[in-house]
Novice: 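Take a look at the following structure, please.
The sequence lines fix the lettering, A, B, ..., with proteins before strands; numbering per chain opens at 1.
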Protein chains: 2
Amino acid sequence: MTKLDIDLDRSSPVPLYFQVAEQIARAIQAGELAPGSRLDNEVLLADRLGLSRPTIRQAIQYLVDKGLVVRKRGVGTQVVHGQVKRAVELTSLYDDLRRVGQEPATRVLAIETVPADESTAGALGVATGTEVVRLERLRYAEGKPLALMHNWLPPGPASLTAEALEARGLYELLRAAGVRMRVAAQRIGARTATPAEVRLLEERRACPLLTMVRTTYDDQGRAVEHGSHVYRASHYSLEVTLVER
Amino acid sequence: MTKLDIDLDRSSPVPLYFQVAEQIARAIQAGELAPGSRLDNEVLLADRLGLSRPTIRQAIQYLVDKGLVVRKRGVGTQVVHGQVKRAVELTSLYDDLRRVGQEPATRVLAIETVPADESTAGALGVATGTEVVRLERLRYAEGKPLALMHNWLPPGPASLTAEALEARGLYELLRAAGVRMRVAAQRIGARTATPAEVRLLEERRACPLLTMVRTTYDDQGRAVEHGSHVYRASHYSLEVTLVER
DNA sequence: GTGAACAATTTGTCAAGACATTCTTACGTA
DNA sequence: TACGTAAGAATGTCTTGACAAATTGTTCAC
């Protein structure tokens, strides 16, 4: 049992369960709750914090979903061992790089309206030939090329400019335009770079690339974006945390 | 509103919320609940099924977490558009291949006890030099080599034999030995195959490989397995569903 | 000393109820 | 006709309470 110092602000618009979860997460990250240590049981926590047990359960379930703690019936709730990285999230590369402090920069190679070919139309759920926005961008991290990114977007709410795309990530711009991204289907693979890719990414001939093809859907289920990105495998890998439910 | 035919077996050990979730999921997969369609509201569903609303909420939350439906306050719960593939899961390649009907086969190249080098020891959370089990396997799908897999396991509950590893997946064997895998940290990348890998995987010279390095932890937070797998990029890619919480 | 049974502990499931917040639609007024 | 407000609809949050199931520890009997 480890004593926890949790302050609750009942006048805050932040739900109580979330306040509890946040503070427990913070204690874990700060080392106050050591890996392997046991949390107080739900009934006791609820009593001490003056909350109901389902509210505590909701807070702890949030932490379970984040992979920070595990629960076992009859035993209790324990902080997970090991350095937990970020879970799989619906974020753009721009967001990712900025989060880890690698100053991202973008060069827009093309932004045009084109008729969607069969494959793109299928991914976006529009008729073949529909006019869609096609983006081609080169993403830099710490001054070096990292990824070549193609995206296709259906005509819609976000009016994208090269200036905006060079200043912010695509998902950020979509969100600012009111698009609520919800689910994405993604395929991760690898292949050898084409000569054009080699040139743009400043890599050696036939270097390996990590590839990601992703279609993102909004909360109404409409495709809002289809992307095909390639990354220099020498400079980029994807780290994820898998959590068994 | 779409009418749902849900049967509940109250004598079953399967929790009620799970029975509801399963049957809704099945209706979605079968097309009875079309993408974009609206579920009955929680209060009505609870009333019709003779369950409490929190039980219905739990069932729906399960579906939300699977990316099958989205919820919006004031509006309702809607089936997501787009073909949702499996979410990211803590499964082994053997499980994956078997699930999609590609008969997996395994050839054990090595199974030995070795002193853990610094990197392996770090991953497994043991002292450098500790005796650990090292596996080297070649995985086939439909008669063709697909992946070359190295795994290191701390001395422990599972006594692995080449025979067992050729008949079943590693995770399956660990589970059968009572190991409860819970969280895994995974890094996905790409690189060019070494000559030895080229030979084993029957690929062309310097072909691209998709790489996965993963450390899996049990529900006590102990590392139970560290693996470094390479896949023929020409034959394998990873499909995942990302869900925004 | 070992195995089985029982008790204590803790999470998991479920119910009933109430209020808050967000979204959409309809109505009223300018 | 357009805009603002109010009402209705539906999810989100929280409370109180009870029983079930799994795990661990202890005790008793052989």
Side-chain angles (χ1 to χ4, degrees), chain A residues 1-2 6 8-22 24 37-65 68-80 178 180 182 218-220 244-245, chain B residues 1-2 4 6 8-22 24 37-65 68-80 178-180 182 218-220 244-245:
Chain A
M1 292 319 119
T2 310
I6 292 180
L8 297 175
D9 178 2
R10 282 184 183 257
S11 66
S12 163
V14 178
L16 293 172
Y17 81 87
F18 195 76
Q19 292 183 45
V20 174
E22 267 190 325
I24 294 179
S37 64
R38 193 82 60 83
L39 297 199
D40 282 346
N41 73 57
E42 300 171 354
V43 177
L44 184 58
L45 262 184
D47 200 52
R48 281 186 31 222
L49 297 177
L51 299 173
S52 73
R53 191 178 146 219
T55 302
I56 297 295
R57 289 187 61 76
Q58 197 171 355
I60 296 181
Q61 183 61 42
Y62 181 86
L63 297 169
V64 167
D65 290 341
L68 294 179
V69 301
V70 293
R71 293 160 111 168
K72 198 184 300 193
R73 188 191 282 194
V75 179
T77 301
Q78 188 167 41
V79 176
V80 167
R180 304 173 208 233
R182 183 76 182 109
D218 71 6
D219 64 4
Q220 302 298 310
E244 181 106 6
R245 282 196 56 93
Chain B
M1 295 318 122
T2 311
L4 262 188
I6 292 181
L8 297 175
D9 178 3
R10 283 184 183 256
S11 66
S12 164
V14 177
L16 293 172
Y17 82 88
F18 195 76
Q19 290 182 46
V20 173
E22 266 191 323
I24 294 178
S37 63
R38 195 82 62 81
L39 296 200
D40 282 347
N41 73 57
E42 300 171 355
V43 177
L44 184 58
L45 262 185
D47 200 54
R48 280 188 31 225
L49 297 177
L51 299 172
S52 74
R53 193 178 146 218
T55 302
I56 297 295
R57 289 187 60 77
Q58 197 171 355
I60 296 180
Q61 183 61 42
Y62 181 84
L63 297 169
V64 167
D65 292 341
L68 294 180
V69 301
V70 294
R71 294 160 111 168
K72 196 184 300 192
R73 189 190 284 192
V75 179
T77 301
Q78 188 167 43
V79 177
V80 167
V179 176
R180 305 176 205 232
R182 183 76 184 110
D218 69 6
D219 62 4
Q220 302 298 312
E244 180 105 8
R245 283 194 59 93

Novice: Collect all protein-nucleotide pairs involving nucleotides 19-21 of chain D in which both atoms are nitrogen or oxygen and the distance is under 3.5 Å.
Specialist:
unit_1: dA21(D); atom_1: O4'; unit_2: R73(A); atom_2: NH1; d: 2.6
unit_1: dA21(D); atom_1: O3'; unit_2: R73(A); atom_2: NH1; d: 2.9

Novice: What are the atom names and distances for every N/O pair under 3.5 Å that joins the protein to nucleotides 4-6 of chain C?
Specialist:
none

Novice: Distance check needed: dG12(D) C1' versus Q58(B) CD, whole Å only.
Specialist: 15 Å
Novice: Considering only heavy atoms, which members of residues 9-19 of chain A lie under 4.0 Å from some atom of DNA chain C?
Specialist: none
Novice: Can you tell me how far C1' of dT13(D) sits from OH of Y62(A), to the nearest Å?
Specialist: 16 Å
Novice: So, is T55(A) close to the dT13(D) phosphate, meaning a side-chain N or O under 4.0 Å from OP1 or OP2?
Specialist: no
Novice: Suppose we screen for side-chain contact (heavy atoms from CB on, under 4.5 Å). Which residues come up paired with S11(B), at least two apart in sequence or across chains?
Specialist: D9(B)
Novice: Expressed in angstrom and rounded to an integer, what is the separation of K72(A) atom NZ from dG25(D) atom P?
Specialist: 11 Å
Novice: Check whether any side-chain nitrogen or oxygen of R71(A) sits under 4.0 Å from OP1 or OP2 of dG12(C), and answer yes or no.
Specialist: yes
Novice: Could I get the full list of side-chain contact (heavy atoms from CB on, under 4.5 Å) partners for R57(B), not counting sequence neighbours?
Specialist: E42(B), R53(B), R71(B)
Novice: If the condition is side chain to side chain donor-acceptor pair (under 3.5 Å), which residues does Q58(B) pass it with, not counting sequence neighbours?
Specialist: none
Novice: Using 0.5 Å steps for rounding, measure from the CG atom of L49(A) to the CG atom of L44(A).
Specialist: 9.0 Å
Novice: Testing the basics here: between A59(B) and Y17(B), what is the closest heavy-atom pair and its distance to 0.1 Å?
Specialist: CB-O, 3.2 Å
Novice: Which atom pair, heavy atoms only, marks the closest approach of R10(B) to L51(B)?
Specialist: NH2-CD2, 3.2 Å
Novice: How long is the straight-line distance from CD of Q61(A) back to CG of D65(B), given to the nearest 0.5 Å?
Specialist: 8.0 Å
Novice: Kindly determine whether I6(A) and R48(A) satisfy side chain to side chain contact (heavy atoms under 4.5 Å, CB included), including the steps that lead there.
Specialist: CA-CA 10 Å; I6(A) 292 180; R48(A) 281 186 31 222; over 6 Å; no
Novice: Quick check for you: among dT11(D), dT24(C), dG17(D), whose closest atom lies nearest to any side-chain atom of P54(A)?
Specialist: dG17(D)
Novice: What's the spacing between L45(B) CG and T55(B) OG1 if we round to 0.5 Å?
Specialist: 12.0 Å
Novice: Could you state the CD-P distance from E42(B) to dA9(D), rounded to the nearest angstrom?
Specialist: 16 Å
Novice: Find the distance R57(B):CZ to dA15(C):P and express it as a whole number of Å.
Specialist: 15 Å
Novice: Measure the spacing between CG of L63(A) and OG1 of T77(A) and express it to the nearest 0.5 Å.
Specialist: 9.5 Å
Novice: How close or far is atom C1' of dT24(D) from atom CZ of R38(A), stated in whole angstroms?
Specialist: 10 Å
Novice: dA15(C), dC14(D), dT10(C): which one has an atom nearest the side-chain heavy atoms of N41(A)?
Specialist: dT10(C)
Novice: Measure from CD on Q78(A) to C1' on dT23(D) and round the result to the nearest Å.
Specialist: 13 Å
Novice: How long is the straight-line distance from CD1 of I56(B) back to CD1 of I24(B), given to the nearest 0.5 Å?
Specialist: 7.0 Å
Novice: Nearest whole angstrom, please: distance from the P of dT11(C) to the CG of D47(A).
Specialist: 14 Å
Novice: Between dT11(D) and T77(B), is there an OP1 or OP2 to side-chain N/O distance shorter than 4.0 Å?
Specialist: yes
